[in-house]
Amino acid sequence: MKDASIIVCRCEEVTLEQIHEAIRQHACSARETKLRTRAGMGICGGRTCRPLLDRLTMPSEGDSLTDFPLKVQPPVRPVSFAEWGQSS
Amino acid sequence: MNSVYDLIIVGAGPAGLTAASSAAKAGLKVLLLDEFMKPGGRLLGQLHQEPGGAWWNGIREAELLVLDALEAGADMETGVSVTALERTNDNRWTIWTNKGCYRTPFVLLATGAAESANPLPGWTLPGVMSIGAVQVMTNVHRVRAGNRGVVIGMNVLAMAIVSELRLAGIELAAIVLPPRNALSGKASDPDAVLSSLLRFADLAPNAMLKYGARFFQCSMLHNLALHLYPKRGIRMLGVPLQLRRCAIEIVGRDAVEGVLVADITVQGELIAGSERFVEADFVCIAGGLYPLAELAAVAGCPFRYMSELGGHIPVHSENMQTPLSGLYVAGNITGVESAKVAIAQGRVAGLSIAASAAAKKAPSEAEIKDSMEQVKRTRQEALIQFHPDIATSRAKMYQSELV
Amino acid sequence: MSYGRIEHHPVLGPLPRAAALSFSFDGIEYTAREGDSVASALLAGGVRTLRLHEEHGSPRGIYCNIGHCMECRVTIDGISSVRACLTLVKDRMSILSGTVLPTPFRQETKTEGSPDL
């Protein structure tokens with residue numbers, strides 16, 4: 001199975017191979033993987049691939065497993081400026 | 001800015017609805033918000049036969065809970081997406097939504113669970129849906145997802161939905177494992193999958209699987225069972241459950257045309273040359289559920305990772321309170337379990353909040369204690385145990401530092 | 001291929017009566033049942049591709065059906081990026097699919113490792 005043909009982030013069409021490559025080359029954290037590959041930066045805000053990215057960058061057993069590897073940022077749903085404006 | 005409510009509940013599923021009626025009955029002014037067009041949450045799609053033979057019809061159960069909440073005086077808004085949650089200096093929470101902004105002293109997050117995926121080549125094609133999506137299409141919208149489907153992934157949720165699809169007369173060509181890759185973990189390991197299936201096989205609606213499972217349950221036979229497991233699968237509800245086959249790729253030009261599958265060894269290794277094409281016009285990706293806790297995260301709630309409960313869980317006590325003042329959680333956000341457990345937890349949350357808010361008809365300490373006992377009883381009686389160690393994990397969570 | 005409705009259900013009973021609504025998708029007229037989401041009405045009408053990926057043009061349809069994945073986003077009555085799975089069909093609604101957008105910057109900066117999708 002070619003990792004190059006497995007899309008992990010559907011919004012930005014980032015493949016498993018690209019994510020592995022970023023992690024391998026730069027030994028990067030979940031956050032940096034996201035910044036380098038754009039995985040999780042699409043319109044859904046990582047709603048679909050966050051658990052997958054977490055799995056790829058999850059610390060090994062025994063490490064402290066408290067916070068999300070990838071920080072959750074508001075807004076947790078896309079919202080238009082018009083709607084945002086109405087809110088406040 | 002709307003600030004008339006004592007309690008705002010995010011998520012009108014079984015936990016949120018029950019919390020709303022409990023809190024409203026105690027005298028609180030309650031607002032329920034839900035993103036979907038109908039209240040009921042994941043309950044809406046559920047349809048299964050109870051051990052006594054009665055049907056658990058999620059649509060009806062949801063209607064009853066909605067009626068109860070409305071009669072108790074709770075307000076309800078559907079089609080509202082909550083986008084952010086923030087604690088302000090005045091000891092209140094601000095809730096931002098796509099339809100206005102609210103301020104309230106108490107917030108209950110009852111956002112339930114979301115589905116995880118097991119990605120494979122071709123999974124972005126139209127016609128590939130999460131199995132929960134197909135469930136809602138089938139039972140709620142009464143729309144056929146297609147003429148012939150393939151289910152990729154075997155877990156409790158998948159099996160429950162497969163039986164619902166069969167009930168609705170939807171043809172399924174096969175249930176296969178996801179391909180092994182860096183993301184699939186135990187979901188592509190025949191041995192681990194068999195073990196997890198056996199946990200609830202005694203309750204399986206199908207006699208074949210039921211008796212077959214009892215036979216396999218003996219650990220000595222377990223390995224033998226895997227070796228002898230027929231490549232074409234064992235039929236469950238007329239669908240071949242192919243534990244020794246995995247999907248390699250979903251094929252199609254503009255939409256799903258079929259799935260390329262291959263045989264695998266007992267260890268889950270692909271057997272070269274065994275590839276075959278299964279015709280299908282839709283595919284269900286069944287990756288299981290994880291607690292949907294993004295709002296707890298943006299609110300600043302601490303988390304614990306508990307694999308038995310489905311992932312990252314907001315820290316909370318047995319009365320459903322998080323360490324953040326005024327913030328509560330209930331239902332699948334606290335761990336993936338059945339709707340009945342969510343209902344029982346919703347009641348605990350509603351009552352605890354009413355007590356903490358010193359509501360007019362605030363419940364007694366004993367009443368809250370009793371509601372917490374009810375959660376445990378419900379868990380013990382649950383038809384489907386999502387994970388054998390749920391009770392232990394819960395106890396661990398409730399004993400930790402806290403509030 | 002026929003999709004359509006589950007007319008008879010052994011437990012849920014016959015399909016309840018519902019008012020018929022008409023709407024258009026990319027200029028073609030469809031009928032929905034009152035209470036349908038845009039996604040369910042289109043699927044019942046045999047439409048599976050709701051948009052093309054903005055950059056690579058790969059076809060996309062419903063995936064999660066609960067408003068998380070954004071794959072089903074369409075333009076409804078002039079408002080873009082509306083989730084078809086969470087939007088109730090209203091009579092005379094005009095819905096447009098999404099299509100490929102120019103991405104000159106991405107083309108220029110594309111690295112060798114990028115997928116050829």
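Per chain, numbering begins at 1; letters A, B, ... match sequence-line order. Computed over heavy atoms, backbone and side chain alike; hydrogens, waters and symmetry mates excluded. This structure is a prediction, so every number in the text was calculated from the model and none was measured.
Nearest heavy atom pair, residue Pro126(B) against residue Thr49(C), reads CG-OG1, 3.4 Å. Taking each heavy atom of Ala117(B) and Tyr63(C) in turn, the nearest pair found is CB-OH, 3.6 Å. Closest of all the heavy-atom pairs between Ile62(C) and Met129(B) is O-CG, 3.3 Å. Between Asp254(B) and Pro59(C) the shortest heavy-atom distance is O-CG, 3.6 Å. When all heavy atoms of Phe36(B) and Asn65(C) are compared, the closest pair comes out as CE1-O, 4.1 Å.
If you measure heavy-atom distances from Leu47(B) to chain C, the contacts under 4.5 Å come from the side chain alone. Neither the backbone nor the side chain of Ile131(B) comes within contact range of chain C; no heavy atom of the residue lies under 4.5 Å from a heavy atom of that chain. Proximity to chain B (any heavy atom under 4.5 Å) is restricted, for Thr87(C), to the backbone atoms N, CA, C and O. For chain B, the nearby parts of His9(C) are the backbone and the side chain; heavy atoms of each come within less than 4.5 Å. Residue Thr78(B): no heavy atom, backbone or side chain, is found under 4.5 Å from chain C. If you measure heavy-atom distances from Cys69(C) to chain B, you find no contacts under 4.5 Å at all. Residue contact with chain B, scored on non-hydrogen atoms closer than 4.5 Å, is absent for Ala41(C). Contact annotation for His53(C): neither backbone nor side-chain heavy atoms come within less than 4.5 Å of a heavy atom of chain B. Contact of Arg83(C) with chain B is made through the side chain alone, with heavy-atom distances under 4.5 Å. Contacts between Arg42(B) and chain C at a heavy-atom distance below 4.5 Å involve the side chain alone, from C-beta outward.
One distance of note links SG of Cys64(C) with CD of Glu115(B); it measures 8.5 Å at 0.5 Å rounding. Distance check, rounded to the nearest 0.5 Å: OG1 of Thr124(B) to CD of Glu71(C) gives 7.5 Å.
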Side chain to side chain contact (heavy atoms under 4.5 Å, CB included) for Gln49(B) and Val11(C)? Distances and angles first, verdict last.
CA-CA 10 Å; Gln49(B) 215 161 2; Val11(C) 180; over 6 Å; no
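Ranked by non-hydrogen atom pairs under 4.5 Å with chain B, the options Gly67(C), Ser37(C), Pro10(C) are led by Ser37(C). Each of Ser40(C), Ser58(C), Cys85(C), Ala39(C) has some count of heavy-atom pairs under 4.5 Å with chain B, and the biggest count is that of Ser40(C). Ranked by heavy-atom pairs under 4.5 Å with chain B, the list Asp36(C), Leu88(C), Leu12(C) is led by Leu12(C).
At least one donor-acceptor pair under 3.5 Å links the side chain of Arg142(B) to the backbone N or O of Ile6(C). With Arg5(C) contributing its side chain and His141(B) its backbone, the two residues share a donor-acceptor pair below 3.5 Å.
A salt bridge is absent between Glu7(C) and Arg144(B); no separation between the charged side-chain nitrogens and carboxylate oxygens falls under 4.0 Å.
The number of heavy-atom neighbours closer than 6.0 Å to CD1 of Ile79(C), taken from other residues, nucleotides and ligands shown, is 12 or below.
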